[in-house]
Amino acid sequence: MGSSGAERAAERLLLAALCSVCQALQDGMLFPTESPSREVKDVSGLWIFRADESPERSRGFEQQWYKSPLAETGPVIDMPVPSSYNDITQDAQIRDFIGWVWYEKDVWVPARWIQDRGTRIVLRVGSAHYYSVLWVNGVKVTEHVGGHLPFEADISGVLRQTSGNQCRITIAVNNTLTLETLPPGTIQYMTDRSRYPAGYFVQNTNFDFFNYAGIHRPVLLYTTPKAHIDDITVETTFSDNIGLVSFNVSVLGSSKAAVKVTLSAQDGRCVASADGSRGVLKVTDVNLWWPYLMHENPAYLYSMEVQATAEDGQTDVYTLPVGIRTVKVTSTQFLINNKPFYFHGVNKHEDADIRGKGFDWPLVVKDFNLMKWMGANSFRTSHYPYAEEILQMADRHGIVIIDECPGVGIKDIRSFGNVSLAHHLTFMEELVRRDKNHPSVVMWSVANEPASEMPPAGFYFKELVSHTRSLDSSRPVTYITASNYARDLGAPYVDVICVNSYFSWYQDPGHTELIGLQLNTQFDNWYGKYQKPIIQSEYGADAVPGLHSDPPMMFTEEYQKTVLQNYHNVFDQKRKEFVIGELIWNFADFMTSQSIIRVVGNKKGIFTRQRQPKAGAFLLRERYWRIANETGNTLFKL
Ligand code: GCB
C-alpha cells in the first residue's frame, strides 16, 4: 500500500467527520422496538466478506464493488455479524488488517412493507468500527464516522425504485485511525528499505486494547409509519411521594400529529397520562428507580407509551421504559434519590474470545450474573459506549453506569485541534442522544487519560464538558485522569474527579508496602486542590491465572490480592470523607495489541477472559457485599 492509499482513507475520514459536524443531529435515534405500528427484522447472521488487500486499499471503490454481488468481484469468505472479523479466520493478515473491508448480505423485505406507501423502511447498524459506507441495491444510502454508536438510513425510496423486495445490503468499513478520529491514532510508513518492504506501514495507537474491527452490533430493518415518533426525551425528579416525568416528543412526517402519552406501572396499571408533545406526568406513590443493593426493590421501571396520530388517522406507537430517579453531586457525595451512593464496581471491556467486540447475548447475561454475584453495583463503559442492549440490562437490574466516549489515547498535541474537538463534540451529541433516557446512566465521561497537562487541554475540556452539560443538564460530567493533580488542566471543569493509579505496578513495581502512603497522598492532593468528590476509577495488577507465590510476586494471584487489599485499606478511611467510589481494573482479562508488556493480552481481570474467577474476585465479593450492607438501606445476604 503506497502512502496515497492511507492518505486517501484518512481524507475520506476527515471529509466525513466535517460533514457530520455540519449536519449536527437533527434526528433522534430511538432503539428499534416492535409495537402495533412497527416491525423489526434482524438481518444479522451470516454475511459474506472481502478485505480489500489491494496495495492502496482502494480497489473496492475503484471497481465499485457495491454495484454487483460481492462474490462476483473476487474471493469472499463467510463472516458472522455481529462480530469482529479479526479472530474469525486463521489468517494473521485478517487479524491485523488495516483499511477497507466489505460486507454483504441479500435479504428479503416483506412485500407488504414495499407495497404500503405509508410505511417507512429503515436500515440500522448498531455499530461498526470505525468509518462505514452503506449501499442498498448498489445505491449509497448513508455513511457514518465513529464506532460504538448506531447509524441508520431511510431506505424506503431506494427499495421502491430498485428491484422490489429483494435487498442487497453492502457495507464497507474502514478501521483506520487518524489524529482526528476517536480514538486517535497515526499511520506510520516505514521507509528504511533495508528493514521494511516498499509500502510497509503500521497503525499506531495509544490505548491498551486490541483494535477490533467489523460490524460489532446487530443490523436491523425496521418500519414505522410515514408520520412517526422520531425522538423522546424524558427527565425525572420527585418530591415526597410524587414522581415527576417531563417528556418531549418529536414527530416527523406530520406537523399536526396528536400526541398522547401514558405511563403504566409494572402491573400494567395506568398511573398518569397527558396529551401533547411536551408535558409533565405526575405519579403519586412513586416507586423510585434504585440501584442494585441500595433498596430491596431496585430497578423499578415504568412503561411510557407514546402514541402519535397523524392527519390521515395513522397512529405510531413507541414504548419507552422509564425509571424515576435523581442524581446530584455535592463536594463530598454522589447522591441518587438524595441518598449517598458509593460506587463499588468494575471497569469492563466489550471483549471475548473469537467474537472480539461483537455483541453476544450469552456473554452479556453471564457478565451481569457475575457482577451481581460479586456485589458490584456499577460499572464504567471503559473506554467507549457499549451496546444499547447492555444499558437496557443495567436499567432492568439496577446497575449504575458511567457512560464513556472513546476519547482514549489522546496523547498527541495535534489531537487537541479544532477538527478533533468538533468531532468529539459531535460524538458527545450522538452519545447523549442515544443514552439520555437510561436511568442506569448517571454520569458522562468525555475521555480517558488524555494528555491533560498539555496547554490546549484546558480549552479543550472546558468546551467539551460545557457542551455535554448543555446537552444534558441532569447528569454530572467527568473525564478520567491519570495526570498529577498539579499539572491537570481539565479538572476545574468536571463535577467529579476520577483518578486512575497503579501504585506498586507501573510505579514502584513490587512495592506494595508503598500503596498506603502514596494513595493517601493522591487523595489528599486532589481533594485539597478541587474540593470535589473522587472516584478511584482504575486500580489493579496483572495476575496470570494459576500463577502463585508467597510472599507475593508480580503477576501471581497473591500479588493481585495484596495490591487490592492495600488499596482497600485506604478506601475504607477515605470513603468516610470524600471518596465516593472504587472501580477495579478490570472485570475480566482482555486482548491487547502485541507488545513486550502484555502476555497474550492484559491480565488485570479479576475474572479470566473466559469469565472464571481468580483469587481477587472472591476478595472483592466479600468486600462489596459488606459495603452494600453498610451503605445500602437494607440488609443483603451474600
Ligand atoms: C490504564 C488505562 C487502561 C489500561 C490500564 C492498564 O490506565 O486506562 O486502558 O488497560 O491502565 O492495565 O495498563
Side-chain angles (χ1 to χ4, degrees), residues 147-148 177 182-185 204-212 343 345-352 356-357 379-386 402-411 415 445-453 457 478-485 487-488 490-491 494 497-510 515 518-519 522 526 534-545 554-557 559-560 563-564 567 581-609 614 616:
H148 318 284
L177 295 174
L182 284 177
N204 295 315
T205 56
N206 273 311
F207 52 79
D208 183 36
F209 49 91
F210 191 86
N211 190 24
Y212 280 114
F343 294 80
V346 300
N347 289 280
K348 294 187 87 260
H349 263 301
E350 288 183 319
D351 175 272
K357 291 201 175 310
F379 67 89
R380 165 178 160 229
T381 68
S382 42
H383 293 304
Y384 38 77
Y386 293 179
I402 301 173
D403 201 352
E404 189 154 295
C405 108
V408 53
I410 308 180
K411 304 286 188 196
S415 293
S445 162
V446 298
N448 177 69
E449 297 185 4
S452 52
E453 71 288 354
T478 191
Y479 75 89
I480 315 295
T481 185
S483 38
N484 182 299
Y485 76 102
R487 292 168 56 209
D488 191 289
V494 301
I497 304 276
C498 290
V499 189
N500 297 345
S501 59
Y502 288 90
F503 304 128
S504 82
W505 192 262
Y506 295 120
Q507 283 115 59
D508 303 298
I515 292 173
Q518 296 185 355
L519 189 57
Q522 168 198 281
W526 280 99
I534 304 177
I535 296 177
Q536 181 75 38
S537 41
E538 286 181 26
Y539 71 105
D542 287 71
V544 176
M554 291 177 76
F555 294 101
T556 63
E557 296 198 33
Y559 192 87
Q560 186 184 48
V563 170
L564 268 47
Y567 266 82
E582 54 187 86
L583 304 174
I584 183 75
W585 190 264
N586 189 287
F587 172 73
D589 292 346
F590 59 90
M591 195 46 70
T592 63
S593 61
Q594 300 184 61
S595 87
I596 51 165
I597 60 159
R598 296 286 176 253
V599 188
V600 193
N602 186 310
K603 297 280 188 281
K604 294 196 186 67
I606 50 155
F607 296 99
T608 64
R609 201 182 192 206
K614 302 180 195 171

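Numbering of ligands and ligand atoms starts at 1, following listing order. What you see is a predicted model, and the numbers here were worked out from it, not measured in a lab.
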ask   = Run the salt bridge (charged side-chain N to carboxylate O under 4.0 Å, His left out) check on Arg598 and Asp208 step by step: do they pass?
value = CA-CA 10 Å; Arg598 296 286 176 253; Asp208 183 36; 3.0 Å; yes

ask   = Looking at atom 7 (O) of ligand 1, what's its closest protein heavy atom, distance included?
value = Glu449 OE2, 2.4 Å

request  = Could you check atom 4 (C) of ligand 1 against the protein and tell me its nearest heavy-atom contact, residue, atom and distance included?
outcome  = Asp208 OD2, 3.3 Å

task = Starting from atom 12 (O) of ligand 1, locate the nearest protein heavy atom and write down its residue, its atom name and how far away it is, to 0.1 Å.
result = Lys604 NZ, 2.6 Å

Tyr502 neighbourhood, listing ligand 1 atoms whose heavy-atom distance to it stays under 4.0 Å = 1 (C), 5 (C), 7 (O), 11 (O)

Numbering as shown, the atoms of ligand 1 that approach Arg598 to under 4.0 Å (heavy-atom distance) = 6 (C), 12 (O), 13 (O)

task = Identify whether the distance between the nearest side-chain nitrogen and carboxylate oxygen of Lys614 and Asp589 falls below 4.0 Å.
result = yes

note = atom 8 (O) of ligand 1: closest protein heavy atom, distance to 0.1 Å, is Glu538 OE2, 2.7 Å

ask   = Looking at Asn602, which atoms of ligand 1 are within less than 4.0 Å of one of its heavy atoms?
value = 6 (C), 10 (O), 12 (O)

key: Stacked cation flag Lys604 on Tyr539, 6.0 angstrom / 45 deg   = no

key: Atoms in ligand 1 flagged as close to Asn448, the criterion being non-hydrogen separation under 4.0 Å   = 8 (O)

cation_pi(Lys357, Tyr212) dist<6.0 Å, angle<=45 = no

key: For atom 6 (C) of ligand 1, the option (of Phe590, Tyr506, Tyr539, Phe209) bearing the nearest heavy atom   = Tyr506

ask   = When you check the gap from the basic side-chain N to the acidic O, do Arg609 and Asp351 get nearer than 4.0 Å?
value = yes

query = Using a distance-only test with no angle check, is there a side-chain donor-acceptor pair under 3.5 angstrom linking Tyr386 and His148?
reply = no

query = Hey, which atoms in ligand 1 end up nearer than 4.0 Å to a heavy atom of His383?
reply = 3 (C), 8 (O), 9 (O)

ask   = Parallel, tilted or perpendicular: which describes the rings of Trp585 and His383, with under 30° parallel and over 60° perpendicular?
value = parallel

